[in-house]
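Data first, discussion second: the structure below is written as structure tokens.
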Amino acid sequence: MENSKEAYEKLKQNIDYHMNRYYNEDAPEISDFEYDQMMQELKAAEKEHPEWITPDSPSQKIGGVAKREAGVKIMHDVPMLSIEDVFTKEEVVAWVEKVQAVYPDCDFSVEAKIDGLSMTLRYQKGANDKLHLTLAETRGDGLIGEDVTTNARVISDVPEVIDLPYESLQLRSEVYMSHADFEAFNAMQEEAGKKLAANPRNLAAGTLRQLDASVTKERGLRLFVFNVQLGPEELTKSHLDGLEQLRAKGVPVVYGVRCHTADEVIAAIDTIGEMRGELEYDIDGAVIKIDPVRYRDDFPAGSKYSSGHIAYKYPPEECVVEMDDIIVDVGRTGKLTFTGVFHDPLTGKPARLCQTSVSRATLHNQDYINEMHIGIGGAYKLYKSGEIIPKLNGCVKEPPAIFQAPKVCPICEGVLVREEDTADIRCINASCPAQLVRTIAYFASLDCMNIVGLGETLVEALVKQGYLKDYSDIYRLYEHREELIEKGIIGKEKNTDKILAAIEQSKQNDPVRLLTGLGIRNVGKSTAKEIMKHFHSLSELAKASVERLTAINDVGLTTATGIVQFFSDPMNAKVFDKLVDCGVNMEMEETSDGSNKLEGMTIVVTGTLPTLGRKEVTELIEKNGGKCTSSVSKKTDLLVAGEAAGSKLTKAQTLGIKIISEAELLDLVK
């Protein structure tokens with residue numbers, strides 16, 4: 001770093017930004033290794049210029065803040081501090097020797113440092129003389145966290161009752177997500193066309209802070225206890241003995257090894273490092289703790305760190321690989337994916353990292369490929385830094401040419417479009433085989449054409465049998481009735497006729513449903529409803545210009561461009577014409593009982609209203625030009641509150657949003 005106060009302040013700002021991304025937004029932009037390097041640079045500058053250090057320096061504080069919207073704030077009985085990191089084994093040896101110079105009999109615990117988020121569990125003695133869970137709290141800023149008790153109770157590893165006869169107990173734990181659960185979540189996100197989680201730690205953090213405990217439960221968080229925060233001497237005299245007693249009572253505790261000498265500590269660190277590739281969860285280091293708890297306060301490490309601990313951070317494993325191929329595929333949302341296939345040039349085999357064989361890595365997008373100079377024949381650094389996902393980390397031998405994405409879809413040869421302000425390239429052909437099952441199932445779903453019984457499993461069977469090549473083919477299934485019954489694809493005669501009748505009935509749906517079902521990017525149910533207020537038919541919309549579309553409230557340039565591109569694509573236009581020929585309704589029903597009295601207003605409805613159901617009040621608001629949304633934000637203009645309004649009412653009051661009753665809403669539209 002440039003040795004100047006200005007450079008130092010810029011480094012502080014940069015670290016603060018990345019701290020916030022990691023701790024509070026659960027969306028880091030850099031690797032742990034890169035972050036650690038910046039912190040080391042900061043500490044080196046502060047060692048040389050101690051007069052620069054202020055309480056707000058990243059070296060003096062913990063990165064998180066309690067998120068008020070996710071729960072009630074809790075003052076910790078025992079501060080939930082960080083652990084000081086070291087990066088060389090020489091530093092570990094020096095620390096062990098420093099402790100044993102004071103306490104020659106001292107033992108140490110060497111434990112796996114789970115890459116998750118901290119949570120303290122509080123227990124109180126119950127009527128049956130056992131300990132019962134009363135509170136779970138996140139770390140927050142180390143002094144104040146948030147109450148996540150409801151979510152903690154649905155984590156299978158969290159004991160509701162511990163069979164120990166103490167008055168109270170506080171345990172500090174690390175909440176994590178296994179690789180299998182993380183991959184299952186991302187598979188479902190990909191299936192639904194939603195954003196993928198970056199890594200298990202971020203997903204675990206976001207899941208623990210969910211307002212809906214059922215979401216937390218279904219994602220399958222796990223937990224290890226790694227410290228007794230407050231408890232009787234039987235559990236706090238020896239750290240390892242205390243954990244062993246908890247383990248005997250069914251409490252999941254972190255893997256740890258008792259060591260006495262510096263050599264034994266280093267051997268334990270190496271053993272844990274060798275285990276990394278075999279564990280079902282991520283670790284980002286090994287924690288070395290003084291085992292006799294009473295010794296710890298004699299070895300403080302600063303205001304933000306726990307006494308008597310250090311954490312050894314494993315260096316990122318790295319090797320050089322040579323690129324053999326770049327596979328381009330199309331996801332079920334139409335997005336192009338790029339996968340690099342490579343080998344270790346020293347062995348001619350897949351690379352070995354963290355005890356695993358690696359021969360492929362995600363190449364993200366064309367911008368990433370350009371930036372990293374990725375091409376067949378090039379050589380690249382490959383690393384894992386406490387993560388399961390391998391990443392390229394720089395070009396060491398230039399390829400003959402940088403790889404370029406294809407000009408047409410590699411599956412259907414349809415039009416490819418790069419979305420504005422993103423690096424994503426998508427196939428916009430709704431009939432592309434790579435997307436076909438998803439697009440047809442979405443077309444038939446509840447919010448779209450609502451064809452009851454025509455779910456994804458049945459759609460997949462019909463696609464495999466060749467009956468559905470695009471969603472217009474749904475309306476020609478009746479032509480194959482006898483064949484479908486004979487093969488039993490849909491079921492017997494009764495079930496087949498039931499679904500064919502539902503298909504026929506869906507032809508009369510409002511065109512808003514049809515527009516939603518076309519799956520045009522950024523055109524969901526509410527946007528489709530707003531758009532169709534300005535057109536007499538879908539056929540008219542299909543001819544609209546970008547300029548006309550952007551004149552509509554809530555339709556931006558990206559959405560308007562996507563609509564025009566969709567209807568301009570010859571393949572999509574052909575399918576649209578087939579829908580017209582099949583008699584699917586394209587015409588909007590003329591309405592004369594609406595108004596513009598709520599135009600430009602964003603309204604949220606909460607609680608139980610005296611006379612109007614949720615569907616009725618939504619239709620009333622939209623019919624009079626308003627926009628009905630489900631969540632309260634600074635953009636909300638009105639909150640219509642009924643009985644048992646709950647948290648939305650509280651948030652609206654906090655934000656100063658006007659709150660009205662059903663009667664006042666009806667007065668507004670008279």
Side-chain angles (χ1 to χ4, degrees), residues 19-20 22-27 61-82 114 116-126 130-162 164 166-177 201-231 246 251-252 304 306 606 631-633 644-655:
M19 276 181 126
N20 182 60
Y22 181 86
Y23 287 105
N24 300 324
E25 298 183 21
D26 305 321
K61 64 185 181 183
I62 296 172
V65 296
K67 293 188 175 181
R68 185 172 182 81
E69 68 271 21
V72 177
K73 288 186 177 181
I74 297 293
M75 177 75 75
H76 302 316
D77 285 344
V78 179
M80 295 175 69
L81 303 178
S82 297
I114 314 299
L117 68 157
S118 281
M119 178 172 73
T120 290
L121 302 171
R122 300 192 196 185
Y123 291 85
Q124 291 289 333
K125 184 178 181 180
K130 297 179 181 180
L131 292 167
H132 292 255
L133 178 67
T134 58
L135 181 68
E137 55 199 290
T138 61
R139 183 168 69 172
D141 65 1
L143 301 175
I144 298 174
E146 55 187 314
D147 182 346
V148 289
T149 310
T150 303
N151 286 355
R153 291 187 190 279
V154 299
I155 299 174
S156 61
D157 285 344
V158 174
E160 280 279 354
V161 179
I162 302 176
L164 288 170
Y166 306 127
E167 291 297 324
S168 64
L169 184 66
Q170 291 192 25
L171 306 176
R172 186 164 171 188
S173 66
E174 195 79 0
V175 178
Y176 69 93
M177 180 171 282
R201 189 267 170 200
N202 294 355
L203 182 55
T207 299
L208 186 61
R209 291 168 176 151
Q210 284 286 327
L211 296 178
D212 184 351
S214 65
V215 175
T216 305
K217 184 176 181 179
E218 71 182 20
R219 291 187 187 172
L221 294 181
R222 305 294 300 275
L223 165 145
F224 283 119
V225 167
F226 65 83
N227 202 54
V228 177
Q229 298 287 84
L230 280 177
L246 291 172
V251 178
K304 67 176 282 187
S306 297
T606 186
S631 58
V632 176
S633 70
S647 60
K648 292 181 183 178
L649 176 60
T650 304
K651 188 169 184 180
Q653 291 169 333
T654 303
L655 294 174

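FYI, side chains are in, hydrogens and waters are out, and symmetry mates aren't considered; it's all heavy atoms of this structure.
- Put simply, the side chain of Asp157 never gets that close to the backbone of Arg222: no donor and acceptor are under 3.5 Å apart.
- In this structure, Lys130 NZ and Lys125 NZ are separated by 13.0 Å, a value rounded to the nearest 0.5 Å.
- Between the CE atom in Met119 and the CG atom in Leu223 there is a gap of 5.0 Å [rounded to 0.5 Å].
- Ser82 and Arg139 form a side-chain donor-acceptor contact under 3.5 Å, judged by distance and modelled atom types alone.
- The only member of Val225, Leu121, Val251 that meets side-chain contact (heavy atoms from CB on, under 4.5 Å) when paired with Val158 is Leu121.
- Closest of all the heavy-atom pairs between Met80 and Ser118 is CE-CB, 3.8 Å.
- In this structure, Thr134 and Thr149 approach most closely via the heavy-atom pair O-CG2, 4.1 Å.
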Let's go through Ile155 and Leu208 carefully: what are the C-alpha distance in whole Å and the side-chain angles of both, what is the deciding distance for side chain to side chain contact (heavy atoms under 4.5 Å, CB included) to 0.1 Å, and is it a yes or a no? CA-CA 9 Å; Ile155 299 174; Leu208 186 61; 4.0 Å; yes
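- Judged purely by atom type and a 3.5 angstrom limit, Arg153 uses its side chain to pair as donor or acceptor with the backbone of Leu133.
- When atom types are taken as modelled, the side chain of Tyr123 and the backbone of Pro159 share a donor-acceptor pair closer than 3.5 angstrom.
- A donor-acceptor pair is defined here as one N or O able to donate and one able to accept, closer than 3.5 Å; no such pair exists between the side chain of Thr207 and the backbone of Thr216.
- Rounded to the nearest 0.5 Å, atoms CG (Leu171) and CZ (Arg122) are 12.0 Å apart.
- Closest approach of Met177 and Ala204 over heavy atoms only: N-CB, 4.1 Å.
- With values rounded to the nearest 0.5 angstrom, Arg172 atom CZ is found 7.5 Å from Asn227 atom CG.
- Without hydrogens or angle criteria, Thr120 side chain to Glu137 main chain gives no donor-acceptor distance under 3.5 Å.
- Atom CG of Leu169 is separated from atom CD of Gln229 by 10.0 Å, given to the nearest 0.5 angstrom.
- Of all non-hydrogen atoms in Ile144 and Met75, the two that sit nearest each other are CG1-SD, 4.0 Å.
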Between Val632 and Thr606, is a side chain to side chain contact (heavy atoms under 4.5 Å, CB included) present by the stated rule, with each step listed? CA-CA 10 Å; Val632 176; Thr606 186; over 6 Å; no
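- Atom CG of residue Asp147 and atom CD1 of residue Ile74 lie 4.5 Å apart, to the nearest 0.5 angstrom.
- A side-chain donor-acceptor contact under 3.5 Å links Glu174 to the backbone of Leu117.
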